[in-house]
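Please read the structure below before turning to the comments.
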Amino acid sequence: MVDNPYLAHLPPSQRGAGPSYSSSSSEKEPLFGFLPRKVKGEQVRKAMEHHLNPFTKLPHSAQYRKILEARRALPVYSQMDEFLEIFSKNQIIVMVGETGSGKTTQIPQFVTYSDLPHTKGKLVACTQPRRVAAMSVAQRVADEMDVQLGKQVGYSIRFEDMTEAGTTFLKYMTDGMLLREAMNDKELSRYSTIILDEAHERTLATDILMGLLKNLVKRRKDLKIIVMSATLDAVKFQSYFSLHDSAAGEEPSPAPLFKVPGRTHPVEIFYTQEPEPDYVEAAIRTVLMIHRAEDPGDILLFLTGEEEIEDACRKIKLEADDLLNTDPSSVGPLMCVPLYSSLPPQQQQRIFDAAPKPSQEGYPPGRKVVVSTNIAETSLTIDGIVYVVDPGFSKQKVYNPRIRVESLLVSPISKASAQQRAGRAGRTRPGKCFRLYTEKDFISELEEQTHPEILRSNLANAVLELAKLGIKDLVRFDYLDAPAPETLMRALELLNYLAALDDEGELTALGGVMAEFPLDPQLAKMLIVSPEFKVSNEILTITAMLSIPNVWLRPPNQRAAADQAKAMLTVPEGDHLTMLNVFNNYSQNKHDRNWAWNNFLSARALAQAENVRAQLLRTMEKYDIDVISLEDEKKRNLGIRQALTCGFFMHVAHKEGEKGSYLTVKDNQVVALHPSCGLDSQPEWVLFNEFVLTKRPYIRTVTEVKPEWLLEYAPVYFDLASFPEGETKRALQRVANKRRGISNGGGEETRPRKKPKKEKN
DNA sequence: GAGCACTGC
């Protein structure tokens, strides 16, 4: 007798024991004799070579056998027995596999053979930080398993669920998607094994999932977890997931490690003798040095942003053309390609173009130089790169909880990041990496790992998600790296002002609905309350427009024309209304395929807005939030601005002095309207979508509001008794007095609104 | 009179 609880679900032929199976079972049943989670490598290899596909019961295709050959050559394949043994014996495993080990495609399949999720109606999930990765890996694995994508093997990403309920048992998904699922099923009961891939990237979603899963495995003894990482920071994961039976008084023992070598070519590293004062100049010089002196092979140069990249491309091209003209017989032609995310996809494709041919037969071959942001470090791989130039910087997000601002800062990269960059030179053959800093600085100045996102972000959204997940004590939640207490306080404070959390920190009914929207809390709040102003249809559009990248295009050689086109669509009352106007015009001109381009707007971004809007609309319908509109344009615009105030009352600035400078309410930051702002005047009170810290502090996407609304819709935040002293408070006091006068029966004569006095800075 | 590292729901 077998007492394994899973076996009851299996057809008799798969139970492996008992009198009822026929002797030909293994002929028809490739998984004959497989005991869930007790499967051996030998059995799996046999099943893989079986003429029948164990999951479809159809004969394997010729393509399957060809792919299987290639799989056998992967480093991880030769360690199948070791993996299956560790998997059988442990609930949590930490796995380290360098690039090229095959872990992302193979491990989930090994797990499937051992876990047999299809026999118990469960799934194996494998998370990825990026959508494209989830999609492309799922396709590859479907091919390897000889099944149709979306059937046994599928993927799930925002806007696209490529799975079939009851059929799919291996699902690749984005980490954010699994987090969303956890909000509605805290036990993640659909899954028998969860694999967190690329855990070393430490995305916010993966970090929160690790905390959740660490807790969940205590309750769900049948759930297995595999944390997969590319770098050697595994010790940290191992001790975080250490098994600790406090009741038995045992010492915690680290989670077991399963390690697989990578398969890349060696990369020789060069450092500079002295620190380089100007890294862009040094980078250009190095690229040209490689071009003149090194063997054929393409170059990848890492810089920090669009402007720097475009500038460097121009200079490299100029110098390289010069070299070619002076000495065409000893140096080949050079092609320089920029790469950053806001580049249209068509131009991004240029990185895959072949290097130019020799200028003349018998002359040196051409060379391709890709000048890229960090996008080439993780998201995009370019084959044929032999030389990497690494100045050692990237733009990184930093969050300052004191002034509640996220900004981008050019900062030194980490050792792990430098290693990843160097690895890009060894994908096809041995390569070289030129680091534009000294070896001493590499050893002593660079941090081991990039700070995880959870330490660099505004956590308002994450805290709302955690509250929805039922985490009561957010400060003592078991984070792999705990965020600064002040960051958590800021998030709790914001959610309390928005009435998503009550004064005890408990999630309110409103907060529960807010968490259902894939939006920042302010946006969610404004969308949910918008039916009260009868403008939810418009707020829905504005919310979608605020959730996508900038729609305005401004080609360097057509700036005047672009500005003119923008002026045509601008609504002077505020940038939010302009966004609404842009979207509505786009919708009305769908028949004209060139409309977006003719108006200097990004068709890609507008299509994204449409997608987001449709998704938000579905969530609104699910929670019976009316989608309504006002006929009268004046009333409608007024309602929109009032609804905006309900979400963004903490993002208000008051004009101080005549020079167009504003002070943010409460924080008293001196800010200016961003030059992209379309207001035709400088109203006394404005609401803004974001505070950006670039050359100066700016507020961007701005709309005029009335101070009465602030007092009415956010009385707690604008409680004058506790308001910081200053001109803003005095201005609010005047409004409050006036309102009191009116509500007292209008006996007092309304005082004229004073203009703010000039103030010296 | 300026900008957009990169993701994700």
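So you know, we letter chains A, B, ... as the sequences are listed, proteins then strands, and number each from 1.
Remark: A:Thr373 is in phosphate contact with B:dC6, judged by side-chain N or O atoms under 4.0 Å from OP1 or OP2. A close approach under 4.0 Å does occur between a side-chain nitrogen or oxygen of A:Arg131 and OP1 or OP2 of B:dC9. Of the side-chain N and O atoms in A:Tyr340, none sit less than 4.0 angstrom from OP1 or OP2 of B:dC4. The side chain of A:Thr203 contributes no N or O atom lying less than 4.0 Å from OP1 or OP2 of B:dG8. Side-chain N/O atoms of A:Arg700 include one lying less than 4.0 angstrom from OP1 or OP2 on B:dC4.
Residue-to-nucleotide proximity on DNA chain B shows that, of A:Tyr698 and A:Thr304, the 5′-proximal contact is made by A:Tyr698.
Candidate nucleotides B:dC4, B:dC9, B:dG3 were compared by shortest atom distance to the side chain of A:Pro518, and B:dC9 ranks first. Comparing B:dA2, B:dC6, B:dG8 by their nearest atom to the side chain of A:Ser379 picks out B:dC6.
As a whole-Å value, the separation of A:Asp575 CG from B:dA2 C1' is 14 Å. Taking atom CD1 of residue A:Ile454 and atom P of nucleotide B:dT7, one finds them 21 Å apart after rounding to whole Å. Computed from coordinates, the A:Leu339 CG to B:dA5 C1' distance equals 12 Å when rounded to whole Å. Protein atom CD1 of A:Ile309 is 14 Å distant from nucleotide atom C1' of B:dG3, rounded to whole Å. The CG atom of A:Asp175 sits 13 Å away from the P atom of B:dT7 (whole-angstrom rounding). Rounding to whole angstrom units, CG of residue A:Asp197 and P of B:dG8 are separated by 15 Å. In this structure, A:Gln128 atom CD and B:dT7 atom P are separated by 15 Å, rounded to whole Å. The distance between atom NE2 of A:His674 and atom C1' of B:dG3, rounded to the nearest whole Å, is 6 Å.
Under the 30°/60° scheme for interplanar angles, the aromatic rings of A:Phe648 and A:His576 are found to be tilted.
The residue A:Glu306 sits close to a base: some heavy atom pair falls under 4.0 Å. Among the heavy atoms of the strands lying under 4.0 Å from A:Ile375 are primed sugar atoms or P, OP1, OP2 only; no base atom is included. Nucleic acid contact for A:Arg130: sugar-phosphate only, since backbone atoms but no base atoms lie under 4.0 Å from a heavy atom of the residue. Looking at heavy-atom distances under 4.0 Å, A:Thr174 makes contact with sugar-phosphate atoms alone, never a base. Using a 4.0 Å heavy-atom distance criterion, A:Ile157 is classed as a sugar-phosphate-only contact. At the heavy-atom level, A:Asn374 lies nowhere under 4.0 Å from the strands shown.
With 3.5 Å as the limit, one finds a donor-acceptor pair spanning the side chains of A:Thr304 and A:Glu308. The closest side-chain donor-acceptor pair between A:Thr619 and A:Glu621, if any, does not fall under 3.5 angstrom.
In terms of modelled atom types and a separation under 3.5 Å, the side chain of A:Ser530 and the main chain of A:Leu527 share a donor-acceptor contact.
Stacking of A:Arg421 on the aromatic ring of A:Phe302 is recorded, both the 6.0 Å distance cut-off and the 45° axial limit being met.
Screening A:Asp520, A:Ile542, A:Thr701 against A:Asn689 for a side chain to side chain contact (heavy atoms under 4.5 Å, CB included) leaves a single residue, A:Thr701.
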